[in-house]
**Student:** 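What follows is a structure written as structure tokens; I'll ask about it next.
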Amino acid sequence: MPSALPDGEPMPDDGALPGHALAAAAGRPLGFYLHVPYCATRCGYCDFNTYTASELRGSGGALASRDNYADTVVEEIRLARKVLGDDPRPVETVFVGGGTPTLLPAADLGRMLAAIREEFGLAAGAEITTEANPDSVDPRYLSELRAAGYNRVSFGMQSARQHVLKILDRTHTPGRPEACVGEARAAGFEHVNLDLIYGTPGESDDDWRASLDAALGAGPDHISAYALIVEEGTQLARRIRRGEVPMTDDDVHADRYLIAEERLTAAGFSWYEVSNWATTEAARCRHNELYWTGADWWGAGPGAHSHVGGVRWWNVKHPGAYAQALGEGRSPGAGREILADEDRRVERILLELRLADGCPLDLLAPAGARAAERARADGLLQAGPYEEGRAVLTLRGRLLADAVVRDLVD
């Protein structure tokens with residue numbers, strides 16, 4: 001089941017933010033994340049805040065229905081306009097995630113985007129992305145999305161091998177994600193991403209190479225490749241605990257990452273974040289870059305997280321409770337935290353170190369600076385950028401990114 005929300009102070013009923021949160025807002029980009037919590041089936045590895053029809057039955061009734069979900073999200077977008085007041089910023093990125101956003105009619109996704117456009121305006125060249133399961137779209141649906149203003153789509157491919165997809169409980173057939181890339185291109189989508197997962201129990205190196213080759217052959221301009229994380233409480237975790245499938249170890253994950261780097265680089269892709277590669281700078285996911293660089297975004301939907309000017313908050317998780325709050329004229333926020341300067345400094349290191357541009361060395365405390373010097377000497381940080389005042393991971397450093405980060409935030 002979905003993981004728990006963090007602890008925090010109560011959110012005001014009207015969603016109001018402290019005055020300092022909007023100070024200097026014009027100097028920060030603003031994005032929107034729209035969460036669609038519905039899935040046709042639950043994948044065995046998933047602990048996201050998503051719900052199948054059977055999981056919602058009897059727990060929220062009509063309030064949890066996806067039939068009127070778009071109207072509810074529009075209400076939160078209108079609430080955002082009230083909370084942000086006369087904030088002049090147009091929205092630079094919109095990302096619709098889930099769940100499976102494309103279980104909603106394309107017209108619903110279009111109405112949610114239209115509400116953002118009407119309330120805030122969209123910046124020139126705004127990036128508008130939706131996630132999609134390969135078996136939840138067809139050429140007509142993609143054309144309707146493009147006509148509604150979406151210009152980027154991200155397909156969950158995960159693997160090209162049927163036995164790997166079966167372990168992950170993915171329902172699409174091998175070859176369908178690649179076909180979706182062509183259909184998206186034909187519909188006019190300029191940017192297309194494929195998500196891959198490596199380290200699934202039973203996956204071999206050759207399986208992983210085949211998945212990379214199939215993804216590259218489809219012609220996306222962005223590929224995300226993530227190591228499988230087995231979360232407690234998921235079906236996959238229970239299967240591993242019962243001994244039905246083996247756990248993949250860290251050495252295998254490292255080998256698969258090196259294979260990905262080799263294959264993707266040879267095909268003209270460049271890494272810009274530890275798990276993300278793009279063909280050009282324009283092909284990067286600008287919305288995710290907002291997260292990684294501490295910009296502002298409003299997350300609408302059950303369980304969605306937001307950040308504006310050092311204030312972070314999160315919504316109630318259940319779709320029924322979310323709809324009830326908005327229907328009663330209340331913020332759906334479940335809690336919030338106001339980040340201290342030290343919190344923000346540490347988060348900058350945690351996130352920016354994962355980027356190809358790295359993080360400034362002057363963010364580091366004395367102990368972190370000494371750790372950075374050791375990391376450079378050990379070949380975990382690139383020497384050239386280090387001399388210029390930035391900590392940038394080497395390929396070996398990317399394999400050990402979590403450990404390097406821990407040392408640098410001390």
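Counting begins at 1 with the first residue of the sequence.
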**Student:** Considering non-hydrogen atoms only, spot the tightest contact between L212 and L196 and give its length.
**Tutor:**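 Heavy atoms of L212 and L196 come nearest at CD2-CD1, 3.8 Å.
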
**Student:** Ignoring hydrogens and geometry, is there a side-chain-to-backbone donor-acceptor pair from E76 to G301 under 3.5 Å?
**Tutor:**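 Between the backbone of G301 and the side chain of E76 there is a qualifying donor-acceptor contact (under 3.5 Å).
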
**Student:** Quick check: do T129 and V94 have side-chain heavy atoms less than 4.5 Å from each other?
**Tutor:**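 T129 vs V94: side chains apart.
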
**Student:** If you define the side chain from C-beta out and look only at heavy atoms, does anything of R256 sit under 4.5 Å from D205?
**Tutor:**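 Yes, close enough: below the 4.5 Å cut-off.
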
**Student:** Which is it for L408 and L363 under the side chain to side chain contact (heavy atoms under 4.5 Å, CB included) test, yes or no, and what are the steps along the way?
**Tutor:** CA-CA 10 Å; L408 266 59; L363 282 178; over 6 Å; no

**Student:** Considering only distance and modelled atom types, tabulate donor-acceptor pairs under 3.5 Å from the side chains of residues 95-105, sequence neighbours left out.
**Tutor:**
| from | atom 1 | to | atom 2 | distance (Å) |
| --- | --- | --- | --- | --- |
| T100 | OG1 | N133 | ND2 | 3.3 |
| T102 | OG1 | S136 | OG | 2.5 |

**Student:** What's the verdict on side chain to side chain contact (heavy atoms under 4.5 Å, CB included) for C285 and R152, showing C-alpha distance, side-chain angles and the deciding distance?
**Tutor:** CA-CA 9 Å; C285 181; R152 186 175 184 274; 3.5 Å; yes

**Student:** Sequence neighbours excluded and cut-off under 3.5 Å, please list the side-chain donor-acceptor pairs for residues 366-375, or say none.
**Tutor:**
| from | atom 1 | to | atom 2 | distance (Å) |
| --- | --- | --- | --- | --- |
| E373 | OE1 | R376 | NE | 3.4 |
| E373 | OE1 | Y386 | OH | 2.9 |
| E373 | OE2 | R376 | NH2 | 2.8 |

**Student:** Might you confirm whether atom CD of E190 has over 12 heavy atoms from other residues, nucleotides or ligands at distances under 6.0 Å?
**Tutor:**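 No, the 6.0 Å shell around CD holds no more than 12 heavy atoms from other groups.
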
**Student:** Do L79 and P332 make a side-chain contact, defined as non-hydrogen atoms from C-beta onward lying under 4.5 Å apart?
**Tutor:**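 Result yes, sub-4.5 Å side-chain heavy-atom pair found.
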
**Student:** What residues form a salt bridge (Lys or Arg N to Asp or Glu O under 4.0 Å) with R161, not counting sequence neighbours?
**Tutor:**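 D207.
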
**Student:** Looking at side-chain heavy atoms only, is the closest gap between V36 and V73 below 4.5 Å?
**Tutor:**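 They are not in side-chain contact.
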
**Student:** Holding to side chain to side chain contact (heavy atoms under 4.5 Å, CB included), I want the full list of residues that pass it with H20, two or more places apart in sequence or in another chain.
**Tutor:**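 With sequence neighbours excluded, H20 shows a side chain to side chain contact (heavy atoms under 4.5 Å, CB included) to P18, V311, I338, given in chain and number order.
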
**Student:** Do side-chain atoms of S211 reach the backbone of A160 as a donor and acceptor pair under 3.5 angstrom?
**Tutor:**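 A pair under 3.5 Å: yes.
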
**Student:** Kindly indicate whether the side chain of R81, heavy atoms from C-beta on, has any atom under 4.5 Å from the side chain of D87.
**Tutor:**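 A side-chain contact under 4.5 Å exists here.
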
**Student:** If you look at every heavy atom in R345 and A365, which pair is closest and at what distance?
**Tutor:**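 Taking R345 first and A365 second, the nearest heavy atoms are NH1-N, 3.5 Å.
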
**Student:** Has Y322 got a side-chain atom pairing as donor or acceptor with G303's backbone, closer than 3.5 angstrom?
**Tutor:**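 Checked: no pair found.
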
**Student:** Is there a side chain to side chain contact (heavy atoms under 4.5 Å, CB included) between M157 and E178 once you walk through the steps?
**Tutor:** CA-CA 8 Å; M157 177 177 175; E178 300 95 300; 3.9 Å; yes

**Student:** Under a 3.5 Å distance rule, please check whether E203 uses its side chain to pair with a backbone N or O of G199 as donor and acceptor.
**Tutor:**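 Answer holds: yes.
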
**Student:** In chain order, what residues pass the salt bridge (Lys or Arg N to Asp or Glu O under 4.0 Å) check against R344, with sequence neighbours excluded?
**Tutor:**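 By the salt bridge (Lys or Arg N to Asp or Glu O under 4.0 Å) rule, R344 matches no residue at all.
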
**Student:** Any pair with a residue in residues 266-275 that passes salt bridge (Lys or Arg N to Asp or Glu O under 4.0 Å), sequence neighbours left out, goes on the list, sorted by first then second residue, please.
**Tutor:**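 Found E273-R354.
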
**Student:** In plain terms, say whether R336 and E9 are close enough for a salt bridge, that is, a side-chain N and a carboxylate O under 4.0 Å apart.
**Tutor:**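 Yes, charged N to carboxylate O under 4.0 Å.
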
**Student:** Could you pull out all residues at least two apart from W314 that satisfy ring-ring contact (aromatic ring centres under 6.0 Å, His included)?
**Tutor:**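 Only H305 meet the ring-ring contact (aromatic ring centres under 6.0 Å, His included) criterion with W314.
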
**Student:** For the residue pair Y33 and Y291, is the inter-centroid distance of their aromatic rings smaller than 6.0 Å?
**Tutor:**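 For Y33 and Y291, the ring centres are not under 6.0 Å apart.
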
**Student:** Side chains of L142 and Y150: does their closest heavy-atom pair fall under 4.5 Å?
**Tutor:**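 L142 does not reach Y150 side chain to side chain.
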
**Student:** So, does T173 use its side chain to make a donor-acceptor pair with the main chain of R176 at under 3.5 Å?
**Tutor:**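 No; zero donor-acceptor contacts below 3.5 Å.
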
**Student:** Just grab all the salt bridge (Lys or Arg N to Asp or Glu O under 4.0 Å) pairs involving residues 278-307, residues at least two apart or on different chains.
**Tutor:**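 As it turns out, the salt bridge (Lys or Arg N to Asp or Glu O under 4.0 Å) pairs with a partner in residues 278-307, which skip direct neighbours, are R28-D296, R89-D296, R284-E289.
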
**Student:** Measure from the side-chain N and O atoms of R348 to the backbone N and O of T293, and report whether any donor-acceptor pair falls under 3.5 Å.
**Tutor:**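 Flag not set: sc R348 to bb T293 has no pair under 3.5 Å.
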
**Student:** Would you compute the distance between atom CZ of R390 and atom SG of C359 and round it to the nearest 0.5 angstrom?
**Tutor:**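 Answer rounded to 0.5 Å: 7.0 Å.
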
**Student:** Could you note down all residue pairs passing side chain to side chain donor-acceptor pair (under 3.5 Å) where residues 114-128 supplies at least one of them, sequence neighbours left out?
**Tutor:**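 Found none.
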
**Student:** Got a sec, which residues hit salt bridge (Lys or Arg N to Asp or Glu O under 4.0 Å) with R396, two or more places apart in sequence or on another chain?
**Tutor:**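 In terms of salt bridge (Lys or Arg N to Asp or Glu O under 4.0 Å), with neighbours along the sequence ignored, R396 is linked to no residue.
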
**Student:** Using modelled atom types and a 3.5 Å cut-off, is there a donor and acceptor pairing between side-chain atoms of S224 and backbone atoms of N276?
**Tutor:**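 Checked: no pair found.
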
**Student:** To the nearest 0.5 Å, how far apart are CH2 in W298 and CZ in F120?
**Tutor:**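 Between W298 CH2 and F120 CZ, I get 7.0 Å after rounding to 0.5 Å.
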
**Student:** How long is the gap from CG on L395 to OH on Y257, to the nearest 0.5 Å?
**Tutor:**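 One gets 7.0 Å once the value is rounded to the nearest 0.5 Å.
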
**Student:** What heavy-atom pair brings L109 and Y141 nearest, and what distance separates the two atoms?
**Tutor:**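 Distance-wise, the nearest heavy atoms are CD1-OH, 3.6 Å.
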
**Student:** Are any side-chain N or O atoms of R146 and backbone N or O atoms of G188, one a donor and one an acceptor, separated by less than 3.5 Å?
**Tutor:**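 Yes; at least one donor-acceptor contact below 3.5 Å.
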
**Student:** D341: which residues meet the salt bridge (Lys or Arg N to Asp or Glu O under 4.0 Å) condition with it, sequence neighbours left out?
**Tutor:**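 Per chain and number, D341 pairs via salt bridge (Lys or Arg N to Asp or Glu O under 4.0 Å) with no residue.
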
**Student:** Taking 4.0 angstrom as the limit, do R263 and D213 come out as a salt bridge?
**Tutor:**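 The answer is yes: the pair qualifies as a salt bridge.
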
**Student:** Checking the side chain of N151 only, and the main-chain atoms of I128 only, is there a donor and an acceptor separated by less than 3.5 Å?
**Tutor:**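 Such a contact is found between N151 side chain and I128 backbone.
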
**Student:** For D249, I'd like to know if atom CG has over 12 heavy atoms of other residues, nucleotides or ligands within 6.0 Å.
**Tutor:**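 Yes, CG of D249 has more than 12 neighbouring heavy atoms, counting only those of other groups under 6.0 Å.
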
**Student:** When you measure from the side chain of D221 to the backbone N and O of T279, does any donor-acceptor pair fall under 3.5 Å?
**Tutor:**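 Looks like no, no N/O pair under 3.5 Å.
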
**Student:** Step through it carefully: locate the ring centre of W208, locate the ring centre of Y198, and say whether they are under 6.0 Å apart.
**Tutor:**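 Ring centroids of W208 and Y198 are less than 6.0 Å from each other.
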
**Student:** Side-chain contact test, heavy atoms from C-beta onward, threshold under 4.5 Å: evaluate it for H307 versus E347 and give yes or no.
**Tutor:**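 With C-beta onward as the side chain, the pair stays apart.
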
**Student:** For G110 versus A148, what's the shortest heavy-atom pair and its separation?
**Tutor:**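 Closest pair (atom of G110, atom of A148, distance): CA-CB, 3.8 Å.
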
**Student:** Minimum heavy-atom separation for Y38 and Y69, please, with both atom names.
**Tutor:**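 Minimum heavy-atom contact is OH-CD1, 3.4 Å.
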
**Student:** How many angstroms lie between atom CG of L351 and atom CG of N288, to the nearest 0.5 angstrom?
**Tutor:**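 Atom-to-atom, L351:CG and N288:CG are 11.0 Å apart.
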
**Student:** Nearest 0.5 Å, what's the CD1-OG distance between I167 and S159?
**Tutor:**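 Between I167 CD1 and S159 OG, I get 11.0 Å after rounding to 0.5 Å.
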
**Student:** If you measure from CD on E387 to CG on L361, what distance do you get to the nearest 0.5 Å?
**Tutor:**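 Going from the CD atom of E387 to the CG atom of L361 covers 9.5 Å.
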
**Student:** How far apart are the closest heavy atoms of A391 and L353, and which atoms are they?
**Tutor:**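 That would be O-CD1, 3.5 Å.
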
**Student:** What residues, two or more places apart in sequence or in another chain, satisfy ring-ring contact (aromatic ring centres under 6.0 Å, His included) together with F189?
**Tutor:**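 Scan of F189 (ring-ring contact (aromatic ring centres under 6.0 Å, His included), adjacent residues dropped) gives none.
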
**Student:** Determine, step by step, whether N193 and H222 satisfy the side chain to side chain donor-acceptor pair (under 3.5 Å) criterion, reporting the C-alpha distance in whole Å, the side-chain angles of both residues, the deciding distance to 0.1 Å, and the verdict.
**Tutor:** CA-CA 5 Å; N193 172 64; H222 190 287; 2.7 Å; yes

**Student:** Considering only heavy atoms from C-beta outward, does the side chain of Q158 approach that of P177 to under 4.5 Å?
**Tutor:**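 No, every pair of side-chain atoms sits at 4.5 Å or beyond.
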
